[in-house]
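Let me begin by presenting the structure, written as C-alpha cells, before commenting on it.
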Amino acid sequence: MFDQHMLVWFLSGETKIVQADATYICGKGDIFLIPRNQLATIINYPKDGEPHKTVVMHLSLETLTDFYAGKHINPQPKNSPKIFVSIITRSWKVAWHRLFPIST
C-alpha cells in the first residue's frame, strides 16, 4: 500500500502486480498508475539479461490539486477500487491523457 499515487515507467525488467481479483505483468516500455491506498503485491525481477529498472513519479494530493486547479474535470469512477493499469508504449502523451483525462 502506498501513501501517494505513483506513475511508473519501465526501462527494463518486468513486474508482476497481484491483487485479490487480478494479476498484471508489465515490462520494458510500459507505463502504469498505482493509486494510493490500494493493496497489492508487487514483484520486480530482471528479464532478457537486463536488470529491473523503472522511473517512478510520486503524485501527492497537493501536487495533483495544484495541477488541476482551475481545470474542469469530469471524473469517471471505477466499479471497484483497484490498481488501474495502462500498458502503453511509445506515447507518453497518450498515456498521460488516458490516466488523467481533462475536459476543456
Side-chain angles (χ1 to χ4, degrees):
M1 194 179 289
F2 301 100
D3 293 338
Q4 298 177 351
H5 302 291
M6 294 190 319
L7 187 62
V8 183
W9 176 36
F10 279 90
L11 302 177
S12 64
E14 205 166 76
T15 288
K16 184 177 197 178
I17 301 171
V18 181
Q19 296 180 272
D21 62 345
T23 299
Y24 304 96
I25 305 278
C26 298
K28 186 176 182 175
D30 293 340
I31 296 169
F32 65 90
L33 174 71
I34 301 176
R36 68 188 188 102
N37 300 329
Q38 301 296 316
L39 262 174
T41 298
I42 299 174
I43 304 165
N44 301 319
Y45 47 92
K47 185 175 180 185
D48 299 328
E50 295 183 346
H52 177 268
K53 291 184 182 180
T54 59
V55 174
V56 180
M57 182 187 309
H58 292 257
L59 302 169
S60 69
L61 291 178
E62 180 183 7
T63 300
L64 292 172
T65 300
D66 291 346
F67 178 80
Y68 283 112
K71 294 179 173 72
H72 176 69
I73 307 301
N74 184 12
Q76 310 229 340
K78 301 288 180 192
N79 292 335
S80 66
K82 59 183 173 180
I83 293 175
F84 174 73
V85 176
S86 179
I87 300 175
I88 300 171
T89 57
R90 297 187 210 53
S91 179
W92 187 227
K93 182 178 179 183
V94 171
W96 184 260
H97 288 291
R98 283 191 182 175
L99 296 172
F100 301 102
I102 298 174
S103 298
T104 54

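For Asn37, the CG atom counts as densely surrounded, since its 6.0 Å shell holds more than 12 non-hydrogen atoms of other residues, nucleotides or ligands.
Residue Thr15 forms a side chain to side chain contact (heavy atoms under 4.5 Å, CB included) with just one option from Val8, Ile42, Ile25, Asp30, and that option is Ile42.
Pro51 and Pro46 get closest at one heavy-atom pair: CA-CB, 4.0 Å. Listed here is the closest heavy atom pair of Leu64 and Leu59: CD1-O, 4.0 Å.
By the 4.5 Å heavy-atom criterion applied to side chains, Phe10 and His52 are counted as neighbours. The shortest side-chain heavy-atom distance between His5 and Leu61 falls under the 4.5 Å cut-off.
How far NZ of Lys16 is from CG of Asn44: 12.5 Å, rounded to the nearest 0.5 Å. Note: Leu11 CG to Thr54 OG1 = 7.0 Å, rounded to the nearest 0.5 Å. Here the CD atom belonging to Gln4 is positioned 10.0 Å from the CD atom belonging to Glu62, to the nearest 0.5 angstrom.
The backbone N or O of Lys28 sits nowhere less than 3.5 Å from a side-chain atom of Ser12 that would complete a donor-acceptor pair.
No chain of hydrophobic side-chain contacts below 4.5 Å, direct or via other Ile, Leu, Val, Met, Phe, Trp or Tyr residues, connects Val18 to Phe32.
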